[in-house]
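Scroll down for the structure; my scribbles are underneath it.
Along the sequence shown, the residues carry numbers beginning at 1.
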Amino acid sequence: MTIIEHTGDGSVTVLNVLDPAFRPDSAQVLAARAEHWYARTPIGFAVLRHREAAALLADRRVRWGGVDSLAAQGITSGPAVEWIGSVLPSVEGADHARLRGLVSQAFNRAAVDRLRPVMRSVTEELVAPLVAAGECEFMADFADRYPARILSELLGVPPERRADFHRLPNEIGLIFSVAATEHLPRIEAALAALHDAIDELIEQRRTTPGPDLITDLIAAEEAGDRLSPTELRTMVSALLFAGQDTTRQQLGRAVQVFLEHPREWRMLAEDPTLAPRAVEEVMRVAPGVNTIWRVVDQTIDFEGLTIPAGSFLNILLDAAHTDPAAFGAAEFDITAPRSAAQLTFGGGIHYCLGAPLARAEIAEALPILARSFPHLAAAGPAEPGLTLGPVGPRTLPIRYGASSIV
């Protein structure tokens with residue numbers, strides 16, 4: 001199937017984002033960005049430049065397109081639609097403000113900072129046996145396990161239930177791919193099982209409160225308002241996906257980037273204070289989720305383009321994050337100050353509520369990994385994941401013993 005072609009007047013590129021062969025970091029996409037800030041797609045427009053992407057993410061006329069993206073694939077009813085339609089990014093107006101106000105304190109920077117010692121201790125615990133082995137399969141041995149452990153600590157998940165709370169959100173993550181229809185039975189089975197497990201845990205915390213996020217969410221109150229049981233379950237299930245699968249993807253992509261930049265890896269090992277900037281730079285050049293879907297409900301005029309009602313906007317982060325107008329030559333550099341921000345966490349009223357948690361998790365883990373794996377090298381080919389959506393590698397074999405000095 002043709003991935004790229006031109007419209008009749010030759011002025012605007014057409015990118016087929018629904019083609020399984022489409023790659024958002026391809027030379028064709030970058031060539032399209034050089035021509036215009038947008039390209040056409042079979043279902044709307046792809047946004048390719050940083051300034052326009054940031055503005056649209058903050059535009060109140062543009063909303064999150066979770067339900068609509070499923071509908072575009074023919075999924076218009078059922079548990080998957082109900083779930084994605086009830087998570088916080090799908091909720092608009094007064095309901096969104098109410099829910100965000102109720103839960104925001106549980107996700108603020110101070111709450112996250114209290115978890116940093118746990119993040120460091122879990123990283124060191126997971127890394128210790130890997131150091132002696134001299135090599136590992138990074139995704140299975142660390143990236144899959146680390147965010148799941150942090151969330152288990154955050155939510156108060158008992159050890160005997162952690163396997164389910166780890167596995168099920170990864171399967172639910174398939175809902176954000178362009179192959180959701182193919183995986184729908186698996187997605188819906190995972191949602192049902194996860195909701196049952198969450199309901200059980202919530203009931204335990206109602207009778208036996210603990211020092212954990214679920215207890216805090218049960219108690220969350222503003223002007224006499226509380227989360228309903230359904231809202232509470234949805235909030236926890238969304239956190240488990242966003243805080244686990246996407247962090248897993250981003251950790252895998254981070255190590256892939258550092259495999260190609262050993263100098264920066266050594267710098268990070270020697271100076272852990274570089275970690276916050278390293279996190280932002282990794283997310284810029286290799287975002288764990290490389291596209292942000294949005295939809296417009298009314299026809300709008302934006303930067304010389306009329307966007308018809310019902311159009312999808314597919315914000316391609318690989319293109320926006322390497323836009324020369326925002327980032328110059330855009331070479332990977334964990335010491336370089338960036339005047340423009342990476343957009344992986346979205347923008348506007350739907351800016352990711354869990355961004356401080358994700359940033360902290362990765363920032364605490366990377367320096368410990370860099371010190372523990374000082375001579376990082378590939379130990380074989382990585383198995384790639386999806387090309388559009390959550391895009392971390394499925395497998396990533398690495399070695400870091402003396403024989404792998406780079």
Quiz item: Hey, mind stepping through Asn314 and Phe45 against side chain to side chain contact (heavy atoms under 4.5 Å, CB included) and telling me if it holds?
Solution: CA-CA 6 Å; Asn314 192 221; Phe45 302 90; over 6 Å; no

Exercise. Classify the ring geometry between His36 and Tyr38 as parallel (under 30°), tilted (30 to 60°) or perpendicular (over 60°).
Key: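 Taking Tyr38 first and then His36, their aromatic rings sit tilted (interplane angle of 30° to 60°).
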
Under 3.5 Å donor-acceptor pairs involving side-chain atoms of residues 300-310, not counting sequence neighbours:
from, atom 1, to, atom 2, distance (Å)
Asp301, OD1, Thr306, OG1, 2.7
Glu303, OE1, Arg51, NH2, 3.4
Glu303, OE2, Arg51, NH1, 3.4

Quiz prompt | Pairs involving residues 55-65, ordered by first then second residue, that meet salt bridge (Lys or Arg N to Asp or Glu O under 4.0 Å) (sequence neighbours left out) | solution =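 Checked against salt bridge (Lys or Arg N to Asp or Glu O under 4.0 Å) - neighbours excluded - the pairs reaching residues 55-65 are Asp59-Arg61, Arg63-Asp68, Arg63-Asp297.
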
Quiz item: What residue pairs, at least two apart or across chains, pass salt bridge (Lys or Arg N to Asp or Glu O under 4.0 Å) with a residue in residues 308-319?
Solution: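 Listed by first then second residue: nothing to list.
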
Exercise. Identify, with sequence neighbours excluded, every residue that meets side chain to side chain contact (heavy atoms under 4.5 Å, CB included) alongside Asp113.
Key: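 Once residues adjacent in sequence are excluded, the partners of Asp113 under the side chain to side chain contact (heavy atoms under 4.5 Å, CB included) criterion are Arg109, Arg116.
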
Result block: side-chain N/O donor-acceptor pairs under 3.5 angstrom for residues 253-261, not counting sequence neighbours:
from, atom 1, to, atom 2, distance (Å)
Arg253, NH1, Pro287, O, 2.8
His261, ND1, Val257, O, 3.0

Quiz item: What residues form a side chain to side chain donor-acceptor pair (under 3.5 Å) with Asp141, not counting sequence neighbours?
Solution: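 Here no residue qualifies.
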
Exercise. With sequence neighbours excluded, tell me which residues meet side chain to side chain donor-acceptor pair (under 3.5 Å) with Thr273.
Key: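 Here the qualifying residues are Asp271.
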
Quiz prompt | pair Val282-Gln250: side-chain heavy atoms closer than 4.5 Å | solution =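 The answer is yes; the side chains approach within 4.5 Å.
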
Salt bridge (charged side-chain N to carboxylate O under 4.0 Å, His left out) involving [X] - partner list, sequence neighbours excluded:
X	value
Glu383	none
Arg100	none
Glu188	none

Quiz prompt | Neighbour count >12 (heavy atoms, 6.0 Å) for atom CZ, Arg120 | solution =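 Correct, the count exceeds 12.
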
Exercise. Please collect all side-chain hydrogen bond (donor to acceptor under 3.5 Å, both in side chains) contacts where either partner lies in residues 328-348, sequence neighbours excluded, each pair once.
Key: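 Qualifying pairs, neighbours excluded: Glu280-Gln342, Glu281-Arg338, Asp333-Thr335, Gln342-Thr344.
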
Practice problem: Sort and list the pairs that fulfil side-chain hydrogen bond (donor to acceptor under 3.5 Å, both in side chains) and have at least one residue in residues 149-159, not counting sequence neighbours. | Solution: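 Output for this query lists Glu125-Arg149.
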
